[in-house]
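Heads up: the structure comes next, in structure tokens.
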Amino acid sequence: MVDLNRFNWRLYGDIVREARYSMGFTSAASFCREIYSSTRVVISYMNMYTIENGQTTVSAQKLFAINVTLWGSPLPSKVFYECSGRCLVDDRV
């Protein structure tokens, strides 16, 4: 299980920004439209900037919507491992 008190939100924001750029979303507003289009979750571009700058924690709904849009999974293990130092799922099974 991920301890969200130890979760590195700044690093998560950096990873999100890098991933959205690599997908061709050069503005937060266009990415927020894609999030809404694929998940029906509303995130303002200003809120996205605060997430990407690590200035805020993220609700579960927004976290899942961002992750599904970028990586196709609500809880991508690689991202959570990088941000928390622990694997979310035991990949040894």
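Every heavy atom of this structure was used, including side-chain atoms; hydrogens, water molecules and symmetry mates were not.
Taking hydrophobic clusters as Ile, Leu, Val, Met, Phe, Trp and Tyr residues chained together by side-chain heavy-atom distances below 4.5 Å, Leu11 shares a cluster with Leu75. Met23 and Leu63 end up in the same hydrophobic cluster when Ile, Leu, Val, Met, Phe, Trp and Tyr side chains are linked at under 4.5 Å. Phe64 and Val79 fall within a single hydrophobic cluster, where Ile, Leu, Val, Met, Phe, Trp and Tyr side chains are chained together by heavy-atom contacts under 4.5 Å.
Using modelled atom types, one side-chain atom of Thr69 and one backbone atom of Ala65 make a donor-acceptor pair closer than 3.5 Å. A donor-acceptor contact shorter than 3.5 Å links the side chain of Asn53 to the backbone of Tyr49. Without hydrogens or angle criteria, Ser37 side chain to Glu34 main chain gives no donor-acceptor distance under 3.5 Å.
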inquiry  = Run the side chain to side chain contact (heavy atoms under 4.5 Å, CB included) test on Phe25 and Ile35 for me, step by step, so that the C-alpha distance in whole Å, both residues' side-chain angles and the decisive distance to 0.1 Å come before the verdict.
reply    = CA-CA 11 Å; Phe25 296 104; Ile35 290 171; over 6 Å; no
message = For Trp9 and Val58: C-alpha separation, side-chain torsions, deciding distance, then whether side chain to side chain contact (heavy atoms under 4.5 Å, CB included) applies.
response = CA-CA 8 Å; Trp9 290 105; Val58 182; 3.7 Å; yes
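Remark: Ser30 pairs with Ser27 by the side chain to side chain donor-acceptor pair (under 3.5 Å) rule, at least two apart or across chains.
Listed here is the closest heavy atom pair of Ala19 and Ser22: O-OG, 2.8 Å.
Distance check, rounded to the nearest 0.5 Å: CD of Gln61 to CD1 of Ile66 gives 10.5 Å. Here OG of Ser84 is found 12.5 Å from OH of Tyr12. Values are rounded to the nearest 0.5 Å. Taking NZ of Lys62 as the start and OG1 of Thr56 as the end, the distance is 8.0 Å to the nearest 0.5 Å. Interatomic distance, SG of Cys83 versus CG of Asn8, reported as 6.0 Å (0.5 Å rounding). The structure places CD1 of Ile43 at 10.0 Å from OG1 of Thr50, a figure rounded to the nearest 0.5 Å. Atom-to-atom distance recorded for Ile51:CD1 and Ser44:OG is 8.0 Å, nearest 0.5 angstrom.
Annotation: Met46, atom CE; neighbour count of heavy atoms from other residues, nucleotides and ligands within 6.0 Å does not exceed 12. Counting non-hydrogen atoms of neighbouring residues, nucleotides and ligands closer than 6.0 angstrom, the CD atom of Gln55 exceeds 12 such neighbours.
Looking at heavy atoms from C-beta onward, Asn67 lies in side-chain contact with Phe80 at the 4.5 angstrom threshold.
Under a 4.0 Å N-O distance rule, the pair Arg20/Glu52 qualifies as a salt bridge.
Between Phe31 and Tyr45, the gap from one ring centroid to the other reaches at least 6.0 Å.
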